J.: 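A single structure is presented below for examination.
Since this is a predicted model, take the numbers as computed values, not measurements. Start at 1 and go down the list; that is how both ligands and their atoms are numbered.
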Amino acid sequence: MQLLENRIIKDGKVFPGNVLKVDSFLNHQLDVDLLDKMGLEMKELFKDSGVTKILTIEASGIGVGCLVARHFNCPLLFAKKSKTLNIKGDVYTSKVESFTHQCTYDIIVSKDFLNENDTVLIVDDFLAKGNALNGLIDIVNQSGAKLAGCGIAIEKGYQGGGDKLRAQGIRVESMAIVEKMDDKTGKIIFRR
Ligand code: 5GP
């Protein structure tokens, strides 16, 4: 999506450790109009998939997830991060290794909101190694719901998570795929 690539070039900042900061429009301050346009694009891509629910992970997936859900006219469900796992049986749980915080945490989703009658589009702000998406896919599988695919704002292609999922036959659509970035020069190159 050209609009997103232009915005990344204009406002994105490359930090050491493979981190791209896009706090000014994607995951701290939100450019709602840009998120809405991404939502529309994802609707166009997945319009024939019968999506009944958008699933994301707190906190930074919620912004883009809301604007995607708006275009599908369906609920947004977000997995909660939990340091203490309460095994009550009324939640689906999975483990996620955090790319940005370098720790492992549990994610939980209430069984009240996801079941075998759902078709799920997973949405997130970033895709790097794929750990967050793998946790969410695990939860979709536990629920018996159908997975339509994954819609991502920014994929860092060189970290391999997206291509691993595609190799498993999972449809992954990213609005921008960063192929290379350099924290010394700040240069960002996109996949074509
Ligand atoms: P993964 O689990 O695919 O390795 O990483 C995805 C998660 O880590 C996303 O939910 C996102 O919040 C965070 N993340 C990964 N890479 C970046 C990055 O370069 N910048 C920011 N802001 N978040 C990232």
J.: Would you say Val22 ends up clustered with Val178 if hydrophobic residues are merged whenever their side chains have heavy atoms under 4.5 Å apart, either directly or through other cluster members?
T.: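 Yes; Val22 is reachable from Val178 via cluster members.
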J.: Would you check ligand 1 and list the protein residues that come within less than 4.0 Å of it by any heavy atom, ordered by chain and number?
T.: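 The 4.0 Å shell around ligand 1 contains Asn18, Val19, Leu20, Asn27, Ser60, Phe99, Thr100, Asp124, Asp125, Phe126, Leu127, Ala128, Lys129, Gly130, Asn131, Ala132, Lys156.
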J.: Can you see whether Thr52 engages Asp118 through a side-chain donor-acceptor pair at a distance of less than 3.5 angstrom?
T.: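 Side-chain D/A pair, Thr52 to Asp118: present.
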J.: Between Ser60 and Asp125, do the side chains contain a donor N or O and an acceptor N or O under 3.5 Å apart?
T.: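 Yes - a donor-acceptor pair under 3.5 Å links their side chains.
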J.: Any cation-pi pair here, Arg191 with Tyr158, using under 6.0 Å and within 45°?
T.: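 No, cation not above the ring by the 6.0 Å, 45° rule.
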J.: Listed by chain and number, what are the side-chain hydrogen bond (donor to acceptor under 3.5 Å, both in side chains) partners of Asp138, not counting sequence neighbours?
T.: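 With neighbours one apart ignored, the set is Ser94, Gln142.
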J.: For Lys111, look at atom NZ and say whether over 12 heavy atoms of other residues, nucleotides or ligands are found less than 6.0 Å away.
T.: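 Result for NZ/Lys111: enclosed.
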